[in-house]
Amino acid sequence: MYKIEFLSRTVNKKAGTKGGGNVIEERKKSRKEEAEEVKEILGVVSQEVPALIKGIVGAVFSEEAGKDMGRAAAAFYRELKEGGMPEETAVRMTENYVGVFTSLGNVLKGAVGKGKIGELAKEDIEEEVAKRVRLKIAEKTGERTEES
Amino acid sequence: MVKAKTVIIAAFSIVSLTSTLLLIWLSLGWKVRKARKAFERELIKQGMSKEDAQRLSEFYKTLKDQITSTVMSSFREQ
């Protein structure tokens with residue numbers, strides 16, 4: 001009996017609570033909350049991610065988008081031809097013009113790939129803030145020396 | 001009981017997400033083909049040769065590969 005009481009006191013001391021059952025209950029509660037959170041996150045992700053990818057795919061890879069892009073490239077080609085450009089050069093220039101769309105994929109890759117753009121921006125902001133703080137400190141210390 | 005329900009819902013979300021992504025990936029080839037054909041048609045209408053139009057529409061394949069690899073790599077990182 002004494003042993004049980006001693007053990008109970010040690011558990012309560014470690015947990016910092018009055019009853020030993022509270023620790024287990026709290027753990028159960030936190031696990032339940034975590035599971036609920038995971039469930040909610042998965043629910044949102046399974047709805048939002050496909051919609052986002054579908055949007056990107058639909059904007060670039062659809063018959064209508066292809067027609068529009070073709071119209072733009074064809075108008076460019078026609079203008080060059082009407083301007084008296086030789087056939088070969090006009091085709092090559094149109095190829096370069098169309099190649100701009102391919103670079104969009106590179107931009108996307110750079111932005112999503114490793115978050116380089118975000119990191120660079122963050123570094124720039126940090127540097128700018130540090131610079132301004134240093135300037136302010138220099139101004140303040142300059143004022144104090146002038147006053148004294 | 002609540003735990004089992006949570007696990008079932010989470011598993012269902014994962015299965016639904018995977019199947020939707022698979023469906024998008026499978027239909028992508030068909031969509032690229034249609035867009036490419038529409039693009040070529042517009043160029044041929046303006047007097048460009050079929051070979052040149054086909055060469056120009058190659059960028060669709062490049063773009064598709066780039067987007068696919070971007071999405072795949074972002075999933076692999078996670």
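Letters go in sequence order (proteins before strands), and every chain restarts at 1. Here the structure is a predicted model, which is why all the values come from computation and not from measurement.
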A/Glu63 vs B/Arg41, side chain to side chain contact (heavy atoms under 4.5 Å, CB included): CA-CA, chis, key distance, verdict:
CA-CA 11 Å; A/Glu63 200 175 347; B/Arg41 230 179 288 134; 4.2 Å; yes

What is the distance from atom [atom1] of [X] to atom [atom2] of [Y], rounded to the nearest 0.5 Å?
{"X": "B/Gln46", "Y": "A/Leu80", "atom1": "CD", "atom2": "CG", "value": "12.0 Å"}
{"X": "B/Asp52", "Y": "A/Glu88", "atom1": "CG", "atom2": "CD", "value": "9.0 Å"}
{"X": "B/Leu43", "Y": "A/Arg78", "atom1": "CG", "atom2": "CZ", "value": "11.5 Å"}
{"X": "A/Tyr77", "Y": "B/Leu56", "atom1": "OH", "atom2": "CG", "value": "10.0 Å"}
{"X": "A/Lys54", "Y": "B/Thr20", "atom1": "NZ", "atom2": "OG1", "value": "6.5 Å"}

Under a 4.5 Å cut-off applied to non-hydrogen side-chain atoms, are [X] and [Y] in contact?
{"X": "A/Met69", "Y": "B/Phe59", "value": "yes"}
{"X": "A/Leu42", "Y": "B/Ile9", "value": "no"}
{"X": "B/Leu17", "Y": "A/Pro50", "value": "yes"}

Report which part of B/Ile14 has an atom under 4.5 Å of a heavy atom belonging to chain A: side chain, backbone, both, or neither.
side chain

Answer with side chain, backbone, both or neither: which region of B/Tyr60 has an atom nearer than 4.5 Å to a non-hydrogen atom of chain A?
both

When clusters are formed by joining ILVMFWY residues with side-chain heavy atoms under 4.5 Å apart, either directly or through shared neighbours, do [X] and [Y] land in the same one?
{"X": "A/Val45", "Y": "B/Ile24", "answer": "yes"}
{"X": "B/Ile8", "Y": "A/Ile41", "answer": "no"}
{"X": "A/Phe76", "Y": "B/Ile44", "answer": "no"}
{"X": "B/Leu21", "Y": "B/Trp25", "answer": "no"}

Where do [X] and [Y] come nearest, in terms of heavy atoms and distance?
{"X": "A/Ser62", "Y": "B/Ala35", "value": "O-CB, 3.4 Å"}
{"X": "A/Val98", "Y": "B/Phe39", "value": "CG2-CZ, 3.8 Å"}
{"X": "A/Ser46", "Y": "B/Ser16", "value": "CB-OG, 4.2 Å"}

Charged N-O contact under 4.0 Å between A/Lys67 and B/Glu42:
no

Under 4.5 Å from a heavy atom of chain B, the part of [X] involved:
{"X": "A/Gln47", "result": "neither"}
{"X": "A/Val91", "result": "both"}
{"X": "A/Val57", "result": "side chain"}

If we define contacts as heavy-atom pairs under 4.5 Å, which of A/Glu64, A/Arg71, A/Glu40 has the most with chain B?
A/Arg71

Is B/Arg33 atom CZ crowded by more than 12 heavy atoms from other residues, nucleotides or ligands, each under 6.0 Å away?
no

Can A/Val60 and B/Lys64 be said to form a side chain to side chain contact (heavy atoms under 4.5 Å, CB included), step by step?
CA-CA 9 Å; A/Val60 185; B/Lys64 180 203 157 192; over 6 Å; no

